[in-house]
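Everything below concerns the one structure shown next.
Just so you know, ligand 1 is whichever comes first in the structure, and atom 1 is the first atom listed for that ligand. A quick note: this is a predicted structure, and the numbers were derived from the prediction, not measured.
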Amino acid sequence: MIDFCGIPLAHRIVNGSGTFDAIAARRAFGDAIVEQFPFAAFVSKTVTLEPRQGNPPPRLWELPGGLMNSIGLPNKGLAGYLQEDLPQLAELPVPLIVNVMGSAREDVARLVAAFAEREEVSALELNVSCPNVKTGLIMGADPRELAALLDHVRPHAGDKPLIVKLTPNCASPAEVAAAAEQHGADALSLINTLRGMAMHPDRPGEPWLGGGTGGVSGPAVRAIALSQVREVRARTELPIVGMGGVQSGRHAVDLHRAGADLCAVGTESFRDPLAAARIADEASMLDEAFPANAARGTEVVRL
Ligand SMILES: Cc1cc2nc3c(=O)[nH]c(=O)nc-3n(C[C@H](O)[C@H](O)[C@H](O)COP(=O)(O)O)c2cc1C
């Protein structure tokens with residue numbers, strides 16, 4: 001067993017928020033996907049206080065080395081999530097980490113407080129890639145802005161571990177990480193997607209994506225993830241969930257050796273919903289820090 005902020009995990013591979021819909025996967029593939037769940041913990045898609053429709057289409061642009069999305073965080077909002085999603089996610093055989101985001105400190109505090117009192121929730125992840133409506137600053141791009149957010153939010157988290165998901169779209173993720181550590185974060189996760197854009201092929205000067213810009217993920221960002229994880233590891237003692245372009249056990253082991261305690265699989269799960277199980281097995285063959293994926297039993301189920 002791996003210990004992550006006091007949470008026992010069967011292995012080191014989890015999912016990146018928003019890249020694996022466990023409820024839809026169960027509907028599509030049946031209970032097999034739950035019984036042999038590929039991740040050691042499940043990280044929810046970002047939940048906001050109010051429901052969100054997300055961005056207008058088109059929402060995806062395929063890149064030679066990955067994917068760019070402007071999904072825009074559609075979700076049912078806190079009340080809908082508590083009523084409809086949480087009971088279903090509580091049936092998963094692994095700990096649940098809920099990812100939350102708000103555009104005001106008070107909103108984030110309300111979300112954190114609501115999930116802190118739920119025993120189904122093992123930890124909280126703060127998505128800080130969004131602007132503060134009052135200051136205009138991206139919450140996770142500026143060390144002082146993040147410090148103020150954590151000062152406001154930490155008291156509402158009770159004894160739940162608080163993971164801060166860093167954005168790579170800032171001058172120094174390591175400076176932000178240091179501020180997170182000093183202001184009560186229990187762990188860090190990185191990297192979130194990198195801002196990019198694609199031009200519309202038929203409308204000169206217009207963006208392709210409905211949201212204008214999008215977030216780049218997948219193999220294209222792997223080298224950036226490695227360098228940022230290493231840089232952040234040099235600045236903090238906090239446990240790190242490393243992610244960005246992981247497609248194989250080799251990539252997970254590389255991130256671990258750069259300083260990550262856990263590795264998340266994101267974009268790769270769109271190509272193969274069981275990629276994480278393969279990656280966990282491959283990593284366990286390459287590095288003894290990756291124990292065999294005992295939680296899944298013997299064989300990788302084929303869908
Ligand atoms: C389609 C898509 C949706 C995502 N949704 C979220 C989200 O809701 N919240 C969040 O914090 N990160 C979100 N992410 C970012 C991923 O969790 C991850 O940080 C990023 O994609 C890098 O990992 P990868 O290269 O393995 O995909 C999303 C990424 C993708 C591709």
Give the C-alpha distance, both sets of side-chain angles, the deciding distance and a yes or no for salt bridge (charged side-chain N to carboxylate O under 4.0 Å, His left out) between Arg26 and Glu91.
CA-CA 11 Å; Arg26 189 174 189 180; Glu91 290 178 7; 2.7 Å; yes
[atom]: the protein heavy-atom neighbour that sits closest, reported with distance to 0.1 Å:
atom	answer
atom 21 (O) of ligand 1	Ser217 CB, 3.3 Å
atom 10 (C) of ligand 1	Ser17 OG, 3.4 Å
atom 3 (C) of ligand 1	Gly18 O, 3.4 Å
atom 30 (C) of ligand 1	Asn69 ND2, 3.3 Å
atom 12 (N) of ligand 1	Lys165 NZ, 3.1 Å
atom 15 (C) of ligand 1	Asn192 OD1, 3.4 Å

Under a plain distance cut-off of 3.5 Å, with no hydrogens placed, do [Y] and [X] share a side-chain donor-acceptor pair?
X	Y	answer
His183	Arg154	no
Asn99	Ser44	no
Thr267	Ser217	yes

Any N/O of [X] closer than 3.5 Å to an N/O of ligand 1?
X	answer
Val265	no
Thr19	no
Leu67	no
Lys45	yes

His200 vs Trp208 aromatic rings, parallel, tilted or perpendicular, using cut-offs 30° and 60°?
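The rings of His200 and Trp208 sit tilted, inter-plane angle from 30° to 60°.
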Return the orientation label for the Phe37 and Phe39 ring planes: parallel under 30°, perpendicular over 60°, tilted otherwise.
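Correct class here is perpendicular.
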Would His256 and Phe290 count as a close aromatic pair, with their ring centres under 6.0 Å?
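They qualify: ring centres under 6.0 Å apart.
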Counting each atom of ligand 1 from 1 as listed, which ones have a heavy atom of [X] under 4.0 Å away?
X	answer
Thr46	7 (C), 8 (O), 9 (N), 10 (C), 11 (O)
Leu73	7 (C), 8 (O)
Met243	18 (C), 19 (O)

Quick one: does ligand 1 sit under 4.0 Å from the side chain of Asn127, the backbone, both or neither, non-hydrogen atoms only?
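Near ligand 1, Asn127 shows its side chain, while the N, CA, C and O stay back.
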Given that the side chain starts at C-beta and the backbone is N, CA, C, O, which of these parts of Ile191 lies under 4.0 Å from ligand 1, counting heavy atoms, or is it both or neither?
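The part of Ile191 near ligand 1 is the backbone, not the side chain.
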Glu282 side chain to Gly249 backbone, donor-acceptor under 3.5 Å:
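Indeed, once roles are kept as given, a pair shorter than 3.5 Å links the two residues.
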Closest heavy-atom pair and its distance - Thr167, Ala141
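Heavy-atom minimum between the residues: CG2-N, 4.1 Å.
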